[in-house]
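What you see is a predicted model, and the numbers here were worked out from it, not measured in a lab.
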Amino acid sequence: MAKVTIDGIEVEVPNGASVLQACEAAGIEIPRFCYHERLSVAGNCRMCLVEVEKAPKPVASCAFPVADGMKVFTDTEMVRRARRGVMEFLLINHPLDCPICDQGGECDLQDQAMAYGGDKSRYKEEKRVVKDKYMGPLVKTIMTRCIQCTRCVRFSAEVAGTSELGGTNRGEHMEIGTYVEKALTSELSGNLIDICPVGALTSRPYAFVSRPWELRKADGIDVLDATGTNIRIDTRSGEVLRMLPRINEDVNEEWLADRGRFSFDGLKRKRLDRPWVRQGGKLVPATWQQAFDAIAAKFTAGAKLGALAGDLADVESTLALKELMANLGSSNLDCRTDGAAIDISRRDFYSFNTSIAGIDEADALLIIGSNPRTEAPVLNARIRKRVTAGGFPVGVVGPHGLDLTYGHDWLGEGGATLRALASGAHRFCEVLRNAKKPMLILGRNALTAADGATLLAVAWQIAAFNGMLKADWHGFNLLHRFGGQHGALDLGFVSGLPMAKMLSGGVDALWVLGADGLDLSAVPASTFVVVQGHHGDAAAARADVILPGAAYTEKDAAWVNTEGRVQLGYQAVHPPGEAREDWKVIRAASAVLGKPLPYDTLEALRARLVSAYPAFGHGDALPRFGCTDTTGPAGDISRLTDAALALPAGNYWQQDPISRASETMAECARTYAAPAALAAE
């Protein structure tokens, strides 16, 4: 540790830390444009100049290492003149776009020009003009505003892993671009908007929509993948206008995947905003009472009943539906609407046990039947960060030719490779056994195959055999795909008849919650189907009764991410029309059915949730644990087929009802489908 004096304040910082970091440790703000905590140091904006004792001129604090006994001065006349000069240079060519710039009010250049710049300029020359670059349907460019801090270049290369941005030419002719004009192919491209310190890169869907001071803000959780990214929902006049990430070092750091960021326009399209009842073979609008009466006529004591909880169902509504079905005498419950063969007898059979932050500690990785880049882009960025740190070999079992944004060793396509790994005969076993903290990621989609249960058992056996299950380390991880999947498993929403039996006529009446995209076309006409959701997707076409619910931005709700972390999202806007929070709909229906649930408020419901499932009382806390019982799920390794492991069907941009209703996501699908098809040929 080095002792450094900053403006008379003595601080102790690690050897090798920069002067800028030492200043932050002392609580002193240093202006900067090119420096970012999660990117490599560029040192090219010079805004962070400070004075160091005995140094002949100001130094760039972001790139200058500390030394024991160093004395630094951040507010001398030399420093003030230097910063004013740097700001004057930056503004020589910067256009006076503030009144029409989408970055206005959130612009680092605005703020620092006010705080550290001068009040006049000595330059009268014409400003240079730079042609705008096309970067796809999500990121809008106004490159004349670019100050060439290269944050976007470094993010693209270092975090996203798609080295598509760079600088061409030199001096005042330098331009940032994609070399060959093309759409950015990263699933994290929206983060370029956040890290750009000026208005050169802004959100194309948000262009000229609002000013930041007009917006109301609410904290939420992105449920369109299972990472559990913390988000801020910006609204105006009851409409969601913007999604931004919130910092959570243990989950998403400060990044957000593009589908979660830009698909919000799907929240106002194809919405279910009133109850519907099927009469004479057609769905007709109805009142709530008419809808509940139709349900009461079918959900009777003698009927065989079943319930399905979908990928986007929150914890509270899932618990309410489970208790309603129990009051009606039914135990036919299933939340595995994708058909995944998940064993719920132990929580670590279906959790990301290493934790997302635990990836930083791992020293080897085996991926089975998963593409984290499209299933959980923010989690994949964490893996990439660990790979770039070195000493982290990655093996992949699945389709050949995956672009994970980091180097990996393709081991094989399916069953034969897995058997070799489970028996210790595969060459990659030595890599895993030599590692101190190896980990395995199993894709949930792999468990939807006919031999899914066997595959789960084999994956666990691989983890046990190769030193991933220890008293102080748990290296087995199941990667879910959506934010409502883990919570329903925690509630034990798996009992009685499985989904396939219920959909094939095994029940007289079926209640489907939060599974708007589930295909119910094969359900026999004799089965009465209640669909409760927020979008008129595939499930609504087969419904006998439709109950309009609230989307994740429209309710206070708890969500559980793939690692088992309980997080709360808060209501940002009200549901449209007559739609209501899902648990309230179920509570109202229970009264009409003569089986009223014992809670009338969200607080009472959550109190019951915590009393029945104490783990839900520890919000946003995730204790680390190892594995002392290596007994795995039941399964016969000899029954594992040699079939290749398949990845989720469809494109990344349209994986859920909200994104399928989004025009922005539809444009992305059109933009990226053609290059993908050409590459496949």
Side-chain angles (χ1 to χ4, degrees), residues 1-92 94 98 103-123 146-152 154-155 158 194-199 212-213 245-249 253-254:
M1 303 289 282
K3 290 185 178 180
V4 185
T5 303
I6 314 289
D7 291 344
I9 303 171
E10 187 176 274
V11 295
E12 197 169 352
V13 295
N15 293 323
S18 67
V19 171
L20 188 150
Q21 291 170 321
C23 293
E24 289 185 336
I28 298 172
E29 180 183 8
I30 301 296
R32 83 291 297 267
F33 291 114
C34 68
Y35 177 79
H36 192 280
E37 294 81 357
R38 304 187 197 278
L39 303 176
S40 61
V41 175
N44 56 3
C45 78
R46 319 309 287 180
M47 194 63 204
C48 64
L49 294 174
V50 297
E51 185 178 351
V52 176
E53 187 180 50
K54 298 181 180 179
K57 58 183 180 179
V59 301
S61 60
C62 68
F64 199 82
V66 298
D68 194 42
M70 177 183 287
K71 291 185 178 181
V72 179
F73 307 95
T74 67
D75 194 30
T76 63
E77 182 59 29
M78 177 194 290
V79 171
R80 289 193 291 269
R81 284 201 313 270
R83 290 176 180 171
R84 282 196 296 268
V86 169
M87 182 60 68
E88 189 175 10
F89 279 127
L90 288 175
L91 295 178
I92 289 173
H94 197 79
C98 297
Q103 195 81 352
E106 300 173 317
C107 179
D108 292 348
L109 187 64
Q110 276 186 332
D111 296 340
Q112 293 184 38
M114 286 290 294
Y116 304 102
D119 59 355
K120 61 178 71 70
S121 174
R122 292 167 290 178
Y123 293 89
C146 178
I147 61 171
Q148 294 149 15
C149 69
T150 70
R151 278 189 184 183
C152 57
R154 285 173 284 145
F155 175 86
E158 298 167 11
D194 296 336
I195 66 171
C196 181
V198 295
W213 53 84
R246 288 184 289 126
I247 296 177
N248 187 325
E249 296 293 347
E253 298 181 306
E254 61 184 85

For Leu49 and Ala82, which heavy atoms make the closest approach, and how far apart are they?
CD1-CB, 3.7 Å
Kindly indicate, with the supporting measurements, whether the criterion side chain to side chain contact (heavy atoms under 4.5 Å, CB included) is fulfilled by Val19 and Met70.
CA-CA 9 Å; Val19 171; Met70 177 183 287; 3.9 Å; yes
Less than 4.5 Å apart, any side-chain heavy atom of Pro197 and any of Ile147?
yes
Side-chain heavy atoms of Asp194 within contact of Arg151, under 4.5 Å:
no
For Phe155, give me all partners under ring pair (Phe, Tyr, Trp, His ring centres under 6.0 Å), at least two apart in sequence or on another chain.
Trp255
SG-CZ distance between Cys149 and Arg154, expressed to the nearest 0.5 angstrom
6.5 Å
Do the non-hydrogen side-chain atoms of Ser61 and Cys48 ever get within less than 4.5 Å of each other?
yes
Heavy atoms, side chains only, cut-off 4.5 Å: are His36 and Ile195 in contact?
yes
Counting only heavy atoms not in Phe73, do more than 12 sit closer than 6.0 Å to its CZ atom?
yes
For Cys146, what residues pass the side-chain contact (heavy atoms from CB on, under 4.5 Å) criterion, not counting sequence neighbours?
Met143, Gln148, Ile176, Ala200
Between Ile247 and Glu254, the two heavy atoms sitting closest are CG1-CB, 3.8 Å
How close do Gly43 and Cys62 get, heavy atom to heavy atom, and via which atoms?
CA-SG, 3.8 Å
Hey, are the side chains of Asp108 and Phe33 touching, using non-hydrogen atoms and a 4.5 Å cut-off?
yes
Heavy-atom donor-acceptor pair, Gln103 side chain to Cys196 backbone, under 3.5 Å
yes
With side chains defined as the heavy atoms from C-beta onward, is the minimum distance between Gln110 and Cys98 less than 4.5 Å?
yes
Of all pairs that satisfy side-chain hydrogen bond (donor to acceptor under 3.5 Å, both in side chains), the ones with a partner from residues 67-76, not counting sequence neighbours
Asp7-Thr74, Glu51-Thr76, Asp75-Arg80
Going by an N to O cut-off under 4.0 Å, is there a salt bridge joining Glu88 and Arg46?
no
So do Leu109 and Leu91 actually touch side chain to side chain, heavy atoms under 4.5 Å?
yes
Shortest non-hydrogen contact between Val66 and Pro14, atoms and distance:
CG2-O, 4.1 Å
Heavy-atom closest pair, residues Thr150 and Ala42:
OG1-CB, 3.9 Å
Given side chains that start at C-beta, do those of Arg83 and Met47 come closer than 4.5 Å, heavy atoms only?
yes
Between CD1 on residue Ile6 and SG on residue Cys23, distance to nearest 0.5 Å
4.0 Å
